[in-house]
J.: 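Mind having a look at this structure? Questions to follow.
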Amino acid sequence: MFVAAASILWGTTGTAATFAAGVGPLAIGAVAMGIGGLLQALTAARAIRQQWHGILRQWQLAVLGAVAVAVYPLAFYSSMDLSGVAVGTVVSIGSAPVAAALIERFADRKPLTSRWTAGALLGVGGAAVLSFAGHSPETPAGTVAAGSWSFTAGILLGLLAGGTYALYSWAVHRMIGGTVVNAGSGTIAGGVTSRAAMGCVFGLGGLLLMPVLAATGAPLLASGTNFAVGAYMALVPMFAGYVLFGLGLARVRASTATGISLLETVVAAALAVLVVGERLPAPGWLGAAVVLGSMFILAPRPAGRRGRSVASPDVSTASAGGASAVPADAHEGPVQQQAGAERQQQDTDHDGGHLLAADARRDDRECEQAHQ
């Protein structure tokens, strides 16, 4: 639900950008992700400071994620500008789940399940039908001929956007997960909170985007409307949206999160009809329905339906609540005490609310009983 909520906010960016006359794709991407990233770092400053040692232990992931954060918006908005909104959106968002799955397969040795494959294929196919059904080939303005150099460049940039989106999602997920010590009922120890991980990665990425914003952002100050669009893009879809996305990445795998984010295409199409005044033909509505249907396949199964079988530490971070059983010796001695202390720090750091705090207290009671 966190990832779905973030996707709904991201789906408003295309409609919002139509109100910014004369603002180029680089400026849109830089102001949205750059300012939004810096705001994340500012609001997460306390969490970053408290967990600085944990972040330093994973500095390679933080740097890798920051570079991906800086490249993604520039590639994404440039792809739509060069190859058209429909093609750019499908290639960028549609390639992200595949890229995330490949990263997890080779970096984490996680197998691709048939359930995920079916859901991803449905989602990508539905997004393609939805986007291309709403793309009018007769429109002369802004239309890019297939086979031209700009169209090809747009396709390549879309693939780059999908790959970098998957890359920073994976990096943040790895930083949050860390080393699992006590995985009962979603307890994760050894990593950092989603607030600290997102603030660090997106703050560094925002800094990298500031020179681009300085070089291309003058049109954002040309009118009050352009400034309002830039402020909205930074505050709502990018800042608030990625806070929600970070909370989701603490509970599901990157491949699952990028698959669920295909919902963005449905929201974008609906707003194009309701706000911009575009018309969506019947195949487009069918594609939207297919994307929504894929959400039920991609969403992880509730923990209660999978039983209490012993699972590997990697699997624990892939479920909706991170639920997994671990051997009894994982709850004993100093390891249990360290897990409880680290979990208590995470839960009190504005990262999960009362629900996770209650889960942590229940975990501590269960571990104490097992130790006794």
Side-chain angles (χ1 to χ4, degrees), residues 3 6 10 13 25-79 92 96 99-100 103-104 107-108 157 159-178 191-217 233-235 237-250 253-255 257-258 261 349 351:
V3 176
W10 296 338
T13 58
L26 295 181
I28 288 291
V31 71
M33 195 71 91
I35 300 299
L38 292 179
L39 287 175
Q40 285 214 48
L42 182 63
T43 56
R46 181 180 178 183
I48 294 173
R49 185 173 61 254
Q50 290 177 344
Q51 302 172 57
W52 183 245
H53 294 294
I55 293 174
L56 285 180
R57 287 195 298 267
Q58 306 181 80
W59 67 269
Q60 297 97 330
L61 287 173
V63 172
L64 181 64
V67 173
V69 164
V71 173
Y72 166 72
L74 305 181
F76 177 56
Y77 290 103
S78 297
S79 173
S92 300
I103 292 173
E104 289 181 351
D108 299 336
L157 286 172
L159 293 174
L160 178 61
T164 50
Y165 174 29
L167 188 59
Y168 70 68
S169 300
W170 172 81
V172 169
H173 177 75
R174 284 291 299 269
M175 289 182 67
I176 295 172
V192 298
T193 62
S194 67
R195 190 181 185 88
M198 294 290 288
C200 177
V201 170
F202 278 74
L204 290 175
L207 286 176
L208 294 176
L209 285 168
M210 287 301 100
V212 180
L213 180 59
T216 63
M233 297 271 283
L235 292 174
M238 298 307 165
F239 173 62
Y242 276 102
V243 168
L244 293 170
F245 189 66
L247 293 174
L249 281 176
R253 289 166 56 169
S255 56
T258 52
S261 64
D349 195 22
D351 194 19

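As the structure is a prediction and not an experimental result, all values here were calculated from the model. The figures that follow rest on heavy atoms only: side chains count, while hydrogens, waters and symmetry mates do not.
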J.: List the atom pairs, with distances to 0.1 Å, where a side-chain N or O of residues 202-216 and a protein N or O form a donor-acceptor pair under 3.5 Å, not counting sequence neighbours.
T.:
residue: T216; atom: OG1; partner: V212; partner atom: O; Å: 2.8

J.: Would you call S194 and V172 a side-chain contact if the rule is heavy atoms closer than 4.5 Å?
T.: no

J.: Do T13 and M238 touch side chain to side chain, with heavy atoms closer than 4.5 Å?
T.: yes

J.: Which heavy atom of S169 sits nearest to which heavy atom of L249, and what is that distance?
T.: O-CD1, 3.6 Å

J.: Do you know which two heavy atoms are closest between L61 and M175, and how far apart they sit?
T.: CB-CG, 3.8 Å

J.: Find the distance between CG (L64) and CG (L167) and round it off to the nearest 0.5 Å.
T.: 4.0 Å

J.: Taking the side chain as everything from C-beta on, heavy atoms only, tell me whether T43 gets closer than 4.5 Å to F239.
T.: yes

J.: Do you know which two heavy atoms are closest between S92 and A161, and how far apart they sit?
T.: OG-CB, 3.7 Å

J.: Could you grab the distance from atom CG of L42 to atom CD of Q40, nearest 0.5 Å is fine?
T.: 11.0 Å

J.: So do T164 and F76 actually touch side chain to side chain, heavy atoms under 4.5 Å?
T.: no

J.: How far apart are the closest heavy atoms of A44 and G199, and which atoms are they?
T.: CB-CA, 4.1 Å

J.: For the pair Y165 and W10, name the ring-plane relationship: parallel under 30°, tilted 30 to 60°, perpendicular over 60°.
T.: perpendicular

J.: Compare all side-chain heavy atoms of V243 with those of M198 and state whether any distance is below 4.5 angstrom.
T.: no

J.: Looking at A100 and T258, what are the two nearest heavy atoms and their distance?
T.: CB-OG1, 3.5 Å

J.: Once rounded to the nearest 0.5 Å, what's the spacing between atom CE of M33 and atom OH of Y72?
T.: 6.0 Å

J.: What closest approach, in Å, do I55 and C200 show between heavy atoms, and which atom pair accounts for it?
T.: CG2-SG, 3.7 Å

